[in-house]
Amino acid sequence: MQKKFNKIIILTVLLLSVTLKQQAQEPVTLSDLINRVLTENYQIKIVRNEALQAANNNTAGNAGFLPSVDVQGSFSDASNNTHQELYNGTVRDGKNAETKIYNAYAEMDWTVFDGFKMFAQRSKLALLEQIGTIDARYFMEQTITDVSIAYFQLVRELALLGNLRKTCAVSKFRYQLEAKKKEVGSGSILDYNLALMDYHTDSLDIISQQQVIKSLQIELNRLARNDPATVLIPADQAFNPSGIDPVGTLTEQAVQSNKDIRMAQLQEIIAGKNVRIQQASRYPQVDVYGRYSYSKQTNEIGVTQLNRTYGSTLGITVRFNLYNGGNLNKAIENEKLANENSTLTRQNKTELISADVLDKYSEYQSLLKQMALAADNVSLAEKSQEIARVQFEKGAIDGYDFRQAQISVINAQNRLIQLGYSIKTLEIEIDRLTGKLDSLL
């Protein structure tokens, strides 16, 4: 009987071990998560297709360089009852007389000169293709930023959960000590109840924090198209500042490679091409026309029995607008103003991003100083808690003072974690501003 019971225990332990092993998840690195998102995310696929659409539009035909060629053919067969009386007195009657008509043609229209509009249009299409590519990369960079911040937010929340569990263990120690005192008659019901309440409060905080973590895991799994129930555990467990370049280098990098500035530069060039497109209307437009046609008609009754024509037609058309009520001058002037606005927009974005880099650099340096002081505070608070623990066991301090020491520890630890998270998110934002996230695409 005892052996059978031992086998049941061993089997239960093995099953639990297998279950726990199946539930355990390999830690996920940030780079693996980003690669998964860039490969599987629906919105990423959509913006890539939109970029391909802009590339497909960049063709010589879409710019107007190539001719248009049309081919058409038709056939009709009519059957009619006919009565004809000619001037010479002849009378012709036909019952179900057939008339067959065959038509076919091929024609070509080609604009050979439009005031250089087609060249400006082709350049504009190439610029729009670049904008489509940059826009897609901009969206992917922003997605990388969002995923990275969410990833380190999960690291932060897990660290906060660890602190809550530590403080809950301390509260449990206090509660158990008050329970023993109450049993032996040296404690009070009030101290016991207060200790139990604090223990319950800390336990509630743990449950709430676990839900925060679960929501973050679900959101990251959604972005990466994983099973929402996957327990995603980040490989990073702490915030280690990577460091940033000097502010002058960062500003130069941002001006050269920032997506907002590059987009503004392309929009400025496009505005210049739009001016050139409008100015093309001041030149004549020359079109070449060619057509080859074939036509055949047979009649069972009528003046002609067979009528057939075929041959080619060539021509040239020159159009030149002399006056259209001043609309052309107005359109050109408006495009010049749009071009000027594009230049001002680029200059404004350059100044804004330079100021943003300087602001983030200053904030980063401040956070580093705060983090050093916060780390010292954590060490001091933990030492104070150990002292309070010993004094509480000896009865030198009451539960309230012990709780205050406990709260000081968790506040100091949480502040240190928050500062580490803030530094990491700043590093990510600075990398986005300076174009360093391109290496991840």
Side-chain angles (χ1 to χ4, degrees), residues 25 27-30 148-178 194-217 219-220 231-243 363-393 396-429:
Q25 298 293 324
V28 178
T29 65
L30 178 58
S148 300
I149 291 176
Y151 174 87
F152 284 109
Q153 186 179 355
L154 181 58
V155 174
R156 181 190 68 179
E157 301 303 334
L158 286 169
L160 293 176
L161 177 62
N163 286 345
L164 288 173
R165 285 174 172 163
K166 289 178 183 178
T167 196
C168 190
V170 174
S171 295
K172 185 178 181 180
F173 154 77
R174 174 188 162 201
Y175 154 68
Q176 290 175 338
L177 185 60
E178 292 291 351
L194 289 175
L196 182 58
M197 284 177 58
D198 288 339
Y199 177 55
H200 285 171
T201 298
D202 293 340
S203 300
L204 288 171
D205 289 340
I206 289 176
I207 295 173
S208 177
Q209 184 66 14
Q210 287 173 334
Q211 180 55 43
V212 171
I213 291 170
K214 187 61 178 178
S215 297
L216 267 174
Q217 290 172 333
E219 177 61 16
L220 284 171
V231 180
L232 195 152
I233 303 299
D236 296 88
Q237 298 297 323
F239 301 103
N240 299 312
S242 302
E363 184 182 357
Y364 187 83
Q365 299 302 323
S366 174
L367 287 173
L368 286 178
K369 295 176 183 178
Q370 293 179 51
M371 191 171 184
L373 290 174
D376 289 340
N377 277 348
V378 169
S379 178
L380 292 172
E382 288 176 345
K383 290 178 181 178
S384 297
Q385 182 177 257
E386 283 302 315
I387 295 173
R389 184 187 185 114
V390 174
Q391 291 179 341
F392 180 67
E393 285 180 320
I397 61 173
D398 58 15
Y400 175 80
D401 291 332
F402 181 75
R403 181 65 174 178
Q404 294 306 307
Q406 182 185 4
I407 291 174
S408 296
V409 171
I410 191 169
N411 286 342
Q413 291 173 336
N414 289 351
R415 181 170 178 79
L416 181 61
I417 291 171
Q418 182 59 43
L419 286 170
Y421 171 73
S422 298
I423 287 175
K424 211 63 188 177
T425 56
L426 259 182
E427 288 177 350
I428 295 168
E429 284 294 333

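These values consider heavy atoms only, across backbone and side chains, with no hydrogens, waters or symmetry-generated copies. Nothing here was measured: the structure is a model prediction, and the numbers come from that model.
Rounded to the nearest 0.5 Å, atoms CD1 (Ile213) and CG (Leu161) are 4.5 Å apart. Separation of atoms CG (Leu367) and CG (Leu426) is listed at 6.0 Å; rounding is to 0.5 Å. The CG atom of Leu232 sits 10.0 Å away from the NZ atom of Lys214 when rounded to the nearest 0.5 Å. In this structure, the separation between CD on Gln406 and OG on Ser384 is 13.5 Å, given to the nearest 0.5 Å. Rounded to the nearest 0.5 Å, atoms CD1 (Ile206) and CZ (Arg165) are 6.5 Å apart. The CZ atom of Phe402 sits 8.5 Å away from the CG atom of Leu177 when rounded to the nearest 0.5 Å.
Ring geometry for Tyr175 against Tyr199 counts as parallel: the plane angle stays under 30°, on a 0 to 90° scale with 60° as the upper cut. Ring planes of Phe239 and Phe152: tilted class, angle from 30 to 60°.
Proximity of Leu30 to Ser148: side-chain heavy atoms (C-beta onward) are separated by under 4.5 Å at one or more points. You'll find the side chain of Asp202 stays beyond 4.5 Å of the side chain of Leu164, heavy atoms only. The side-chain heavy atoms of Glu427 and Pro241, taken from C-beta on, include a pair separated by under 4.5 Å. Using a 4.5 Å cut-off on side-chain heavy atoms (C-beta onward), Gln413 and Val409 make contact. Residues Glu429 and Ile149 have side chains in contact (heavy-atom distance under 4.5 Å, counting atoms from C-beta outward). Contact of the Gln217 side chain with the Ile233 side chain is registered, since non-hydrogen atoms from C-beta on lie closer than 4.5 Å. Inter-residue side-chain proximity for Leu158 and Pro234 is flagged as met; some heavy-atom pair is nearer than 4.5 Å. Residues Gln391 and Ile387 meet the side-chain proximity criterion, which asks for heavy atoms closer than 4.5 Å.
Among all heavy-atom pairs drawn from Ala159 and Ile417, the shortest one is CB-CD1, 3.5 Å. Nearest heavy-atom pair across Gly420 and Met371 is CA-CE, 4.0 Å.
Proximity of a side-chain donor or acceptor of Gln153 to a complementary backbone N or O of Leu216 within less than 3.5 Å is not detected. Side chain of Gln209 to main chain of Glu157: a donor-acceptor pair is present (N/O by atom type, distance under 3.5 Å, no hydrogens or angles). In this structure, the side chain of Asp398 engages the main chain of Asp401 through a donor-acceptor pair within 3.5 Å. No donor-acceptor pair closer than 3.5 Å links the side chain of Ser379 to the backbone N or O of Asp376. Side chain of Gln237 to backbone of Val155: no donor-acceptor contact under 3.5 angstrom is found. Looking only at distances, a side-chain donor or acceptor of Ser171 sits under 3.5 Å from a matching main-chain atom of Thr167.
Defined by atom type and a distance below 3.5 Å, a donor-acceptor pair is present between the side-chain atoms of Gln211 and Ser215. Side chains of Ser366 and Gln370: a donor on one and an acceptor on the other come within 3.5 Å.
Applying the 6.0 Å contact sphere to CZ of Arg403 captures more than 12 heavy atoms from other residues, nucleotides or ligands.
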TODO: List the steps, then state whether side-chain hydrogen bond (donor to acceptor under 3.5 Å, both in side chains) holds for Ser203 with Lys172.
DONE: CA-CA 10 Å; Ser203 300; Lys172 185 178 181 180; over 6 Å; no
Open item on the list: Could you go through Leu368 and Ile423, starting from their C-alpha distance and side-chain angles, then the distance that decides it, and tell me whether this counts as side-chain contact (heavy atoms from CB on, under 4.5 Å)?
Closed with: CA-CA 8 Å; Leu368 286 178; Ile423 287 175; 3.8 Å; yes
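For the pair Arg389 and Phe173, the cation-pi test (distance below 6.0 Å, angle within 45°) is passed.
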